[in-house]
**Q** 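Could you have a look at this structure, given as structure tokens, before my questions?
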Amino acid sequence: MISDNAYRDPQVARRYLDKLASLTAGLTTPITLMEVCGTHTMAIYQHGIRSLLPPAIRLVSGPGCPVCVTPLSYIDRAIALVRRPDTLIATFGDMVRVPGSSSSLIHEQATGGQVRIVYSTLDALVLARKNPDKKVIFLGVGFETTAPTIAGALIAARREGLNNFFVLCAHKTMPVPMAALTADPQLNIDGYLCPAHVSAIIGANAYRFLAEDRGIPCVVTGFEPLDILQGIDMAIAQILSGQARVDIQYCRFVKPEGNLKAQHLLKEVFEPCDAEWRGLGNIPASGLRLAPAFEAFDAEKALPVAVEPLREHTGCRCGEILKGQIAPRQCPLFRTVCTPENPVGACMVSSEGTCAAEYKYGD
Amino acid sequence: MCLGVPMLVMSIEGDVARCEIDGVQREASLMMLDDVRVGDFVLIHAGFAIEKLDPAQAEETVSMFRAILAEGGGPT
Ligand code: SF4
């Protein structure tokens with residue numbers, strides 16, 4: 001493999017920045033690119049890319065942080081589930097600190113709730129095997145990169161006849177909300193940097209309708225600093241020449257058709273459904289629910305609980321952050337009331353959240 | 001959460017690969033990939049190998065970095 005350093009050479013970065021500056025020098029209105037994925041947001045902050053770009057290129061952060069877009073009602077249901085004496089919640093780390101209406105999973109854990117952080121869905125299966133007296137519930141949150149790993153675990157669970165493993169499912173899919181954001185006149189998105197690893201699964205062709213029907217240039221971009229600069233360069237080239245297609249900068253891992261085997265897993269276990277996005281509201285056909293053959297694993301159906309009434313946090317502007325409408329500093333709670341130690345909203349909790357990125361790397 | 005890491009496949013047993021990067025070893029399920037061999041680089045996400053590195057395409061990307069450097073001189 002070519003070493004990571006090859007994607008970080010500061011001299012090459014300088015050349016891209018100079019090129020972008022001269023390409024956009026005469027522009028009177030800036031070009032707006034949205035980086036959809038939370039990992040891009042983190043990398044862009046970490047390497048200070050936003051401040052290095054010429055003023056005529058504006059980067060806005062999108063809704064691609066899976067923890068951040070998970071609605072409050074979902075967190076509240078997970079909290080209600082962990083309060084049952086017979087349950088154990090298994091989840092990726094970021095979810096435990098997200099504030100619900102009146103509690104959080106980490107708070108529930110401190111008061112006796114069974115919560116375990118796992119690295120993989122397969123670890124959650126191990127927990128189910130080891131705790132036959134508990135109902136092990138995995139928090140199924142994430143986009144098309146994560147959903148096939150849940151599909152894989154469920155297929156294994158069914159094969160084994162594990163009947164104490166469940167998923168609380170809130171998976172979301174990427175291209176549909178991107179289309180919704182394109183229609184937002186306030187945002188004026190000129191081009192997309194499409195998520196890297198989601199695209200490894202769904203393939204670059206999944207964005208073609210955005211380019212072909214809506215005229216929005218798309219570039220599937222990797223996460224290293226030079227990947228991002230090259231991706232921006234490819235997007236700007238399309239925009240300035242008045243073209244719109246899907247280019248793949250991250251071609252070392254992403255193919256036009258994606259990973260067909262993973263797509264097959266998704267089709268076997270899930271079916272499309274409408275989904276509620278924090279900040280973006282309900283978007284038709286933008287989520288995944290368990291297909292009828294896997295319904296027995298659905299925590300929401302199999303383990304009914306009373307969920308407390310919703311209480312949104314006043315002042316938190318995660319919704320506007322997730323739509324790219326404001327930057328974290330425009331939220332009055334940023335850094336004063338809301339910090340990573342004491343997060344008010346999910347965007348400050350997740351390692352991919354825009355507020356957390358600004359807090360950690362912003363100047 | 002979507003943080004995938006490229007790792008080198010060290011050994012394979014059934015559907016599971018032992019992978020390494022920077023001295024860190026991890027097991028990864030090969031459920032989503034066919035034809036993975038020892039010596040391949042795979043992208044690992046949450047315990048699953050989700051894609052194989054295409055070395056020719058990686059070379060292509062880096063050759064574009066070299067090309068932009070070679071253009072040299074002042075701003076283009
Ligand atoms: S700074 Fe905190 S309160 Fe403000 S939008 Fe971000 S997460 Fe919400």
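Proteins get letters first, then strands, A, B, ... in listed order; numbering begins at 1 in each.
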**Q** Listed by chain and number, what are the disulfide (SG to SG under 2.5 Å) partners of A:Cys68, not counting sequence neighbours?
**A**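 Residues passing disulfide (SG to SG under 2.5 Å) with A:Cys68: A:Cys65.
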**Q** Can the positive tip of A:Arg252 be found less than 6.0 Å from the middle of the six-membered ring of B:Phe41, inside 45° of the ring normal?
**A**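 Relative to the ring axis of B:Phe41, which defines the angle, A:Arg252 lies outside at least one limit.
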**Q** Select one option (side chain, backbone, both, neither) describing which atoms of A:Leu226 are under 4.5 Å from chain B's heavy atoms.
**A**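 For A:Leu226, backbone and side chain are both near chain B.
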**Q** Is there a side-chain contact between B:Arg26 and A:Tyr119, using heavy atoms and a 4.5 Å cut-off?
**A**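 Yes; the side chains approach each other to less than 4.5 Å.
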**Q** Of the backbone (N, CA, C, O) and the side chain (C-beta and beyond), which part of A:Asp123 lies under 4.5 Å from a heavy atom of chain B, both, or neither?
**A**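 No part of A:Asp123 comes within 4.5 Å of chain B.
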**Q** I'd like to know if the side chain of B:Asp54 and the backbone of A:Cys251 have a donor-acceptor N/O pair within less than 3.5 Å.
**A**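 Pair absent, no side-chain N/O of B:Asp54 close to backbone of A:Cys251.
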**Q** For A:Gln249, which atoms come within 4.5 Å of any heavy atom of chain B: side chain, backbone, both, or neither?
**A**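 A:Gln249 touches chain B through backbone and side-chain heavy atoms alike.
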**Q** How many angstroms lie between CE in B:Met31 and CD1 in A:Ile155, if you round to the nearest 0.5 Å?
**A**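 The CD1 atom of A:Ile155 is 6.0 Å from CE of B:Met31, to the nearest 0.5 Å.
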**Q** Would you call A:Ser120 and B:Phe48 a side-chain contact if the rule is heavy atoms closer than 4.5 Å?
**A**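 They are in contact (side-chain heavy atoms under 4.5 Å apart), so the answer is yes.
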**Q** In terms of heavy-atom proximity below 4.5 Å to chain A, should B:Phe65 be classed as side chain, backbone, both, or neither?
**A**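 Both backbone and side chain.
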**Q** Applying a criterion of heavy atom separation less than 4.5 Å, what residues of residues 32-39 of chain B form contacts with chain A?
**A**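 Only B:Met32, B:Leu33, B:Asp34 of residues 32-39 of chain B have a heavy atom under 4.5 Å from chain A.
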**Q** Could you tell me if the side chain of B:Thr61 sits less than 4.5 Å from the side chain of A:Tyr250, heavy atoms only?
**A**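 A:Tyr250 does not reach B:Thr61 side chain to side chain.
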**Q** Please report the shortest heavy-atom distance between A:Lys19 and B:Ile68, naming the atom on each side.
**A**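 Looking at all heavy atoms of both residues, the closest pair is CD-CD1, 3.9 Å.
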**Q** Would you compute the distance between atom CE of B:Met64 and atom CG of A:Asp233 and round it to the nearest 0.5 angstrom?
**A**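 If we round to the nearest 0.5 Å, B:Met64:CE and A:Asp233:CG are 7.5 Å apart.
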**Q** If every non-hydrogen atom of A:Asn259 is compared with every non-hydrogen atom of B:Ile50, which pair is closest and at what distance?
**A**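 Looking at all heavy atoms of both residues, the closest pair is ND2-O, 2.8 Å.
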**Q** Going by atom types alone, do B:His45 and A:Thr149 pair a side-chain donor with an acceptor below 3.5 Å?
**A**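 The criterion, which ignores hydrogens and geometry beyond distance, is not satisfied for A:Thr149 and B:His45.
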**Q** Can you say whether A:Gln11 sits under 4.5 Å from chain B via the side chain, the backbone, both, or neither, judging by heavy atoms?
**A**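 Interface part for A:Gln11: both.
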**Q** Assess the residue pair A:Tyr7 and B:Val62 against the criterion (side chain to side chain contact (heavy atoms under 4.5 Å, CB included)); give the C-alpha distance rounded to whole Å, side-chain angles, the decisive distance to 0.1 Å, and a yes or no.
**A** CA-CA 8 Å; A:Tyr7 303 101; B:Val62 173; 4.0 Å; yes
